[in-house]
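Notes follow once the structure below has been shown.
Quantities reported herein were computed from a predicted structural model and do not represent experimental measurements.
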Amino acid sequence: MLLTKSRRRMAYVEAQSQSVVHSDPVKVQNLEATYGILRAQALTPKESPGWIERLLGEL
């Protein structure tokens with residue numbers, strides 16, 4: 001999320017072949033909420049290697 005000098009919140013979204021800057025307050029709020037959920041569900045950098053190793057061991 002971006003915060004302009006005028007305190008306006010903006011969100012930058014980047015995908016495989018597209019990038020967009022959103023300035024609509026409702027869209028920015030929804031993106032912030034989604035990002036917060038993803039961040040809360042993500043493994044920590046310390047946990048990730050163990051999970052990957054376990055996953056590879058199951059293949």
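In this structure, the side-chain contact (heavy atoms from CB on, under 4.5 Å) partners of Leu56, at least two apart in sequence or on a different chain, are Ile52, Leu59.
Among residue pairs with one or both ends in residues 47-59, those qualifying as side-chain hydrogen bond (donor to acceptor under 3.5 Å, both in side chains) are Thr44-Glu47; sequence neighbours excluded.
In this structure, Leu31 and Ala11 approach most closely via the heavy-atom pair CD1-CB, 3.6 Å.
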Extract all donor-acceptor atom pairs below 3.5 Å that involve side chains of residues 14-27 and protein atoms in other chains or at least two apart in sequence.
residue, atom, partner, partner atom, Å
Glu14, OE1, Tyr12, OH, 2.9
Ser23, OG, Arg8, NH2, 3.2
Asp24, OD2, Lys27, N, 3.1

